[in-house]
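Every number for a ligand or one of its atoms is a count from 1 in the order of the listing. For clarity, every value in this text was computed on a predicted model and none was experimentally measured. Note that these values count all heavy atoms, side chains included, but never hydrogens, waters or copies made by symmetry.
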Amino acid sequence: MKLNVAIMGATGAVGQEMLRTLEVRQFPCTTLRLLASARSVGKKYPFRGRLLPVELLTPESFAGIDIVLASAGSSVSREFAPHAVAAGAVVVDNTSAFRMDSDKPLVVPEVNPEALEKHNGIIANPNCSTMQMVVALAPIHREAGIRRLVISTFQSVSGTGQKAIEECLKQSRELLAGAKTVEAKVYPHQIAFNVLPHIGSFTKNGYTDEEMKMVNETRKILGDDSIAVTATTVRVPVLRGHSECVNVETRKKITAAEVRELLEGAPGVVVVDDPAQADYPTPVYSEGRDETFVGRIRDDISNPNAVEMWIVSDNLRKGAALNAVQIAEELVRRNLLRPVTV
Ligand code: NAP
Ligand code: 3JM
């Protein structure tokens with residue numbers, strides 16, 4: 001099979017991880033186009049032993065392209081994805097632009113790959129925090145029916161992009177060198193040696209849009225709007241890897257031991273759960289790995305129908321680039337590469 005692939009936002013934190021993921025997984029692309037803004041034209045990045053130039057993203061960038069992996073922000077996707085589809089490409093979109101559109105599948109290949117069958121040219125990749133969580137929750141939902149989720153996240157700065165990684169490192173260096181105050185440009189407050197209960201923008205109901213993504217996307221991927229979800233999303237000064245504590249209340253009682261057994265056989269999940277040996281996943285442990293790691297699985301002492309767990313994954317891998325490439329692989333496997341009109 002000969003496939004022509006383009007990465008929209010190729011110079012960003014996610015775009016760079018996409019480039020590496022395509023190479024490591026030996027994705028069957030014949031050509032790869034790196035697209036970004038005028039700021040990056042002239043840069044070159046290695047791919048399979050060659051240096052590929054960054055090209056300016058324009059409406060004409062998609063001629064002859066079969067698959068676009070989009071990761072240049074939601075407004076860029078809204079503007080350019082329709083041009084890609086018109087040119088005959090299928091877009092796997094990493095932004096929030098299309099996730100809740102009823103005619104666009106929101107896909108995690110381990111959970112709902114069948115949703116791809118009805119695509120119309122654009123497939124949405126979920127938000128990082130939702131993605132890693134549903135990989136671990138889907139087997140529990142199938143077995144016991146999830147009634148309610150209470151979530152707190154601990155999200156790394158790489159989820160905000162390259163500039164946030166640089167800001168966290170710069171502030172850390174300055175504070176360690178004795179500075180009393182540091183400049184905060186990316187976040188509203190200092191992020192180094194701090195914790196911010198604020199990801200995205202606040203909405204009218206007091207939740208942030210990141211928190212509402214967790215509510216809405218979880219229901220759409222698990223295909224059950226009756227699941228009650230509440231979330232607090234928190235930014236922590238970790239470079240890479242998102243962590244979450246999740247309280248899972250089920251309709252049918254399921255014990256922590258049963259959950260552990262279910263997750264040990266679940267695709268994309270690795271159970272790391274031996275507290276006596278201080279064995280539980282951490283973001284540093286997850287860095288550069290593909291799976292979602294689950295530990296601290298225990299019965300909720302306050303609710304006979306609930307289990308507590310700790311879920312960690314590399315937000316740039318499963319949370320973004322890897323899931324997008326897995327979707328592309330599944331499109332190839334299912335022969336779904338040309339847009340299907342319904
Ligand atoms: P980033 O490091 O800031 O990179 C942004 C990328 O978009 C860069 O390649 C940038 O190109 C490009 N870009 C920005 N404006 C553009 C324009 N007008 N035309 C062409 N290219 C443009 O951000 P990131 O962390 O990689 O994230 C990128 C996007 O991916 C986010 O905005 C978000 O929508 C999505 N994302 C999704 C998830 C997820 O959970 N699925 C996670 C993280 C991010 P230049 O280098 O030329 O500026
Ligand atoms: C993760 O263009 C934007 O507003 C991007 C904001 C953003 C998003 C998003 O809404 O697409 C930053 C980081 C995401 C995401 O995955 O939802």
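Close contacts between ligand 1 and Gly319 involve ligand atoms 39 (C), 40 (O), 41 (N) [criterion: under 4.0 Å to a heavy atom]. Of all atoms in ligand 1, numbered sequentially from 1 with element shown, those under 4.0 Å from a heavy atom of Ala10 are 9 (O). Counting atoms of ligand 1 from 1 in the listed order, those under 4.0 Å from a heavy atom of Pro126 are 39 (C), 40 (O), 41 (N). Close approach to Thr11 involves these atoms of ligand 1, each under 4.0 Å from a residue heavy atom: 8 (C), 9 (O), 10 (C), 11 (O), 45 (P), 46 (O), 47 (O). Below 4.0 Å from some heavy atom of Arg99 lie the following atoms of ligand 1, by number and element: 39 (C), 41 (N).
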Note every protein N or O atom lying under 3.5 Å from an N or O atom of ligand 2, pairing the names and giving the distance.
unit_1   : atom_1 : unit_2 : atom_2 : d
ligand 2 : 2 (O)  : Ser74  : N      : 2.8
ligand 2 : 2 (O)  : Ser74  : OG     : 3.1
ligand 2 : 4 (O)  : Ser74  : OG     : 3.4
ligand 2 : 10 (O) : Ser96  : OG     : 2.6
ligand 2 : 10 (O) : Lys213 : NZ     : 3.0
ligand 2 : 11 (O) : Ser96  : N      : 2.8
ligand 2 : 11 (O) : Ser96  : OG     : 3.3
ligand 2 : 16 (O) : Arg99  : NH2    : 2.7
ligand 2 : 16 (O) : Asn127 : ND2    : 3.3
ligand 2 : 17 (O) : Arg99  : NH1    : 2.7
ligand 2 : 17 (O) : Arg99  : NH2    : 3.2
ligand 2 : 17 (O) : Asn127 : ND2    : 3.3
ligand 2 : 17 (O) : Lys213 : NZ     : 2.6

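Sorted by first and then second residue, the ring-ring contact (aromatic ring centres under 6.0 Å, His included) pairs with a member in residues 285-317 read Phe154-Trp310, Tyr285-Phe293; sequence neighbours excluded. Residue pairs meeting the ring-ring contact (aromatic ring centres under 6.0 Å, His included) criterion with at least one member in residues 3-55, sequence neighbours excluded, do not occur. Annotation: ring-ring contact (aromatic ring centres under 6.0 Å, His included) contacts involving residues 197-235, sequence neighbours excluded, comprise His198-Phe202.
Geometrically, ligand 1 and Ser37 share a nitrogen or oxygen pair separated by less than 3.5 Å. Among the atoms of Ser40, some N or O lies under 3.5 angstrom from an N or O of ligand 1. By the 3.5 Å distance cut-off applied to N or O atoms, Val76 is not counted among the residues near ligand 1. Inclusion of Gln162 in the set of residues having an N or O under 3.5 Å from an N or O of ligand 1 is warranted. Note: no N/O pair closer than 3.5 Å links Lys43 and ligand 1 by distance alone.
Taking each of Ala320, Gly73, Ser61, Ser74 in turn, the one with a heavy atom nearest to atom 29 (C) of ligand 1 proves to be Gly73. Residue nearest to atom 23 (O) of ligand 1, selected from Ala164, Gly161, Gly159: Gly161 (by heavy-atom distance). Comparing Asn94, Val14, Val186, Asn127 against atom 41 (N) of ligand 1, the shortest heavy-atom distance belongs to Asn94.
The neighbour count for Glu261 CD, taken as heavy atoms of other residues, nucleotides or ligands under 6.0 Å away, does not exceed 12.
Using a 4.0 Å cutoff on heavy atoms, Arg39 counts as a contact of ligand 1. Distances from ligand 1 to the non-hydrogen atoms of Ser77 include no value under 4.0 Å.
Paired with Arg235 under the rule side-chain contact (heavy atoms from CB on, under 4.5 Å), one option of Val195, Val186, Thr160 passes, and it is Thr160.
Here the CD1-CG distance, from Ile140 to Leu263, works out to 5.0 Å after rounding to the nearest 0.5 Å.
Using a 4.5 Å cut-off on side-chain heavy atoms (C-beta onward), Ile67 and Leu69 make contact.
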